[in-house]
Colleague: 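This is the structure, below, for whatever I ask next.
Chain A is the first sequence line, chain B the second, and so forth, proteins listed ahead of strands; every chain is numbered from 1. Owing to the predicted nature of the structure, the values given are computational and were not obtained by experimental measurement.
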Protein chains: 2
Amino acid sequence: MAKIVIVEDDVFLREELQNIVEKEGYSVESISSFDTPVEDIMAAEPSLILLDLNLPNLSGFQICRALKARGIGPILVLTSRNQLRDELHALELGADDYLTKPCHPKRLIARIQKLQHLYANMHVLLDAGDFQLDERTNMLYAGRNSISLSENEGMIMKLLVTRAPAVVSKEELFNQLWGSSEYVDENILQVNMTRLRKTLGEVGLSNRIKTVRGVGYQLVDGESG
Amino acid sequence: MAKIVIVEDDVFLREELQNIVEKEGYSVESISSFDTPVEDIMAAEPSLILLDLNLPNLSGFQICRALKARGIGPILVLTSRNQLRDELHALELGADDYLTKPCHPKRLIARIQKLQHLYANMHVLLDAGDFQLDERTNMLYAGRNSISLSENEGMIMKLLVTRAPAVVSKEELFNQLWGSSEYVDENILQVNMTRLRKTLGEVGLSNRIKTVRGVGYQLVDGESG
DNA sequence: ATTAACTCTTACAGTTGGTGTAAGGATTGA
DNA sequence: TCAATCCTTACACCAACTGTAAGAGTTAAT
């Protein structure tokens, strides 16, 4: 049966949720340490994440965004914060549903099943907010535009998207693209970056790759131009 | 922009909804006659349906079920019925989200955008039983094998799969592939069939394309060999 | 069995897109 | 100002896709 990961710092709520969900036949794994929640969630390979918003260290919002950029989901946010702007923010960052505590168990289960069903029929796209990347086919979807990236372009984009907003080192790019960081000619990476930037420009995604001098490259937001 | 169909019998509410949605840039079509709502909705080819539950004649539940059986969606139920069992029932019948009136416009818009985003990323896989074909990317999934078909191969497979178990005429294949049935050299089709058969063999799908002499080609089951 | 219609296979060449190399120009920051 | 770093453009090679050509193989009716 599918595995649900519960991300909730309140022990009592966590166990209550676990009971509800296990009664329905799902296996459950709870995150109890909140030092590296994103890594812990990914390691569990969940088929659904039940996510609280008020957490120690990293907020639920940040976790939400990080998971979606890594193609992890679906995410059901379950929180006591009933402010509309929290809901809007969570949905905007990629949450797939938003429920407020207290929540009737049957409603929770129904929403969980809905999302499971939906995701069974879905592309698993890496979500970067205003565009999405299919890492299997290297298709990039930006609004109503879509374009097929080449292998190199796709691999670079995958690294940029999954690491965002962090900087991806040149060394890692070389490792992933050419199997070694002991490269002879650094220029080939620059050429491929130029080509990728040009391709992105063709679908309206200009100035999205920032160069970090001496280090590597970084995916940045498109709003501020 | 995407077209939203509003199914709501209260004129006042309908116009209010229409304002909210149009302000967001969507085009709107409202169902005002409720004699044949399902047919009317389908005729509008909506990219999303905003559905009330309390309607004359056919109930929202029935409409929901009928649309989902026809592959139409997404459906966002917006109703004043705040009973949990109504929500569970609607979700069970295929509704993709369930909101209760009164609903803040921003919440409604956020949920609409969420569903649009979800549905835009759905796999549309043609299912042939023991293998699937993605007609957008020409990816063919056979068990744990997957392979990328060329344009010609993909088009031929699409025709064979969607028409199966019927025979696809050579004329139709020529029309779809080369834009005309007044072909000069019939051989090119045969060459492409040979190539496709070879490609299918590489993922364990041998002897699946049967030649119907003088007519065309046909996708057949693989079991009997 | 014969034969004409139909189908399959293989080889070849043109086109296209992806990739790496090379060379020189532009930018950055001390 | 100047050296390190980065960007851009042009060129050539390679692989994949496609259509053409030629000949071999198969089918079904006589």
Colleague: To the nearest Å, how far apart are Trp178(B) CH2 and dC17(D) P?
Modeller: 15 Å

Colleague: Short question: side chain of Lys158(B), backbone of Asn138(B) - any donor-acceptor pair under 3.5 Å?
Modeller: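 No; zero donor-acceptor contacts below 3.5 Å.
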
Colleague: Should the side chain of Arg213(A) and the base of dA4(D) be counted as holding a donor-acceptor pair, with the cut-off at 3.5 Å?
Modeller: yes

Colleague: Is there a side chain to side chain donor-acceptor pair (under 3.5 Å) between Asn175(A) and Glu172(A) once you walk through the steps?
Modeller: CA-CA 5 Å; Asn175(A) 274 325; Glu172(A) 180 167 11; over 6 Å; no

Colleague: Looking across every strand, which nucleic acid part, if any, lies under 4.0 Å from Asn187(A) by heavy atom: base, sugar-phosphate, or nothing?
Modeller: base

Colleague: Distance check needed: dC8(C) P versus Leu196(B) CG, whole Å only.
Modeller: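 To the nearest whole Å, that distance equals 12 Å.
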
Colleague: Just to verify, which of Leu78(A), Leu53(A), Leu88(A), Leu76(A) counts as forming a side chain to side chain contact (heavy atoms under 4.5 Å, CB included) with Tyr98(A)?
Modeller: Leu53(A)

Colleague: Can you tell which of dC8(C), dT9(C), dT21(C) lies closest to the side chain of Val191(B)?
Modeller: dT9(C)

Colleague: Students often get this wrong, so: under 4.0 angstrom with heavy atoms, is Glu151(B) touching a base, only sugar-phosphate, or nothing?
Modeller: sugar-phosphate

Colleague: Tell me what Ser150(B) touches on the nucleic acid: a base, only sugar-phosphate, or nothing, going by heavy atoms under 4.0 Å.
Modeller: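 Here Ser150(B) touches the backbone only, sparing every base.
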
Colleague: Can you check the Gln190(A) CD to dT5(D) P distance for me, whole Å?
Modeller: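 For the pair Gln190(A) CD and dT5(D) P, the rounded distance is 11 Å.
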
Colleague: Of Tyr217(B) and Ser148(A), whose closest DNA chain C nucleotide lies nearer the 5' terminus?
Modeller: Tyr217(B)

Colleague: Round to the nearest Å and state the distance from Lys198(B) atom NZ to dT9(C) atom P.
Modeller: 11 Å

Colleague: Under 4.0 Å: is that the gap between some side-chain N or O of Thr194(A) and OP1 or OP2 of dC7(D)?
Modeller: no

Colleague: May I ask you to verify whether the side chain of Arg195(A) and the base of dG20(C) hold a donor-acceptor pair under 3.5 Å?
Modeller: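 Result: at least one qualifying N/O pair found.
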
Colleague: Between Met193(A) (CE) and dT9(D) (C1'), how many Å, whole number?
Modeller: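 Checked: the CE to C1' distance equals 17 Å.
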
Colleague: For Lys210(A) and dT27(C), give me the distance from atom NZ to atom C1', rounded to whole Å.
Modeller: 15 Å

Colleague: Does Ile209(B) offer a backbone N or O that forms a donor-acceptor pair with the side chain of Arg197(B) under 3.5 Å?
Modeller: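 At least one qualifying donor-acceptor pair exists.
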
Colleague: Are any of Thr211(B)'s side-chain N or O atoms less than 4.0 Å away from OP1 or OP2 of dC6(C)?
Modeller: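 Looking at the OP1 and OP2 atoms of dC6(C), neither is under 4.0 Å from any side-chain N or O of Thr211(B).
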
Colleague: Who are the side chain to side chain contact (heavy atoms under 4.5 Å, CB included) partners of Ser27(B), not counting sequence neighbours?
Modeller: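 In terms of side chain to side chain contact (heavy atoms under 4.5 Å, CB included), with neighbours along the sequence ignored, Ser27(B) is linked to Lys3(B).
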
Colleague: Between dA22(C) atom C1' and Glu186(A) atom CD, what is the distance in whole Å?
Modeller: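 So the two atoms are 16 Å apart, to the nearest Å.
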
Colleague: If you pin Leu149(A) and Ile188(A) to their nearest nucleotides in DNA chain C, which one's is more 5'?
Modeller: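 Result: Leu149(A).
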
Colleague: Whole Å only: how far is the CG atom of Asn192(B) from the P atom of dT10(C)?
Modeller: 15 Å

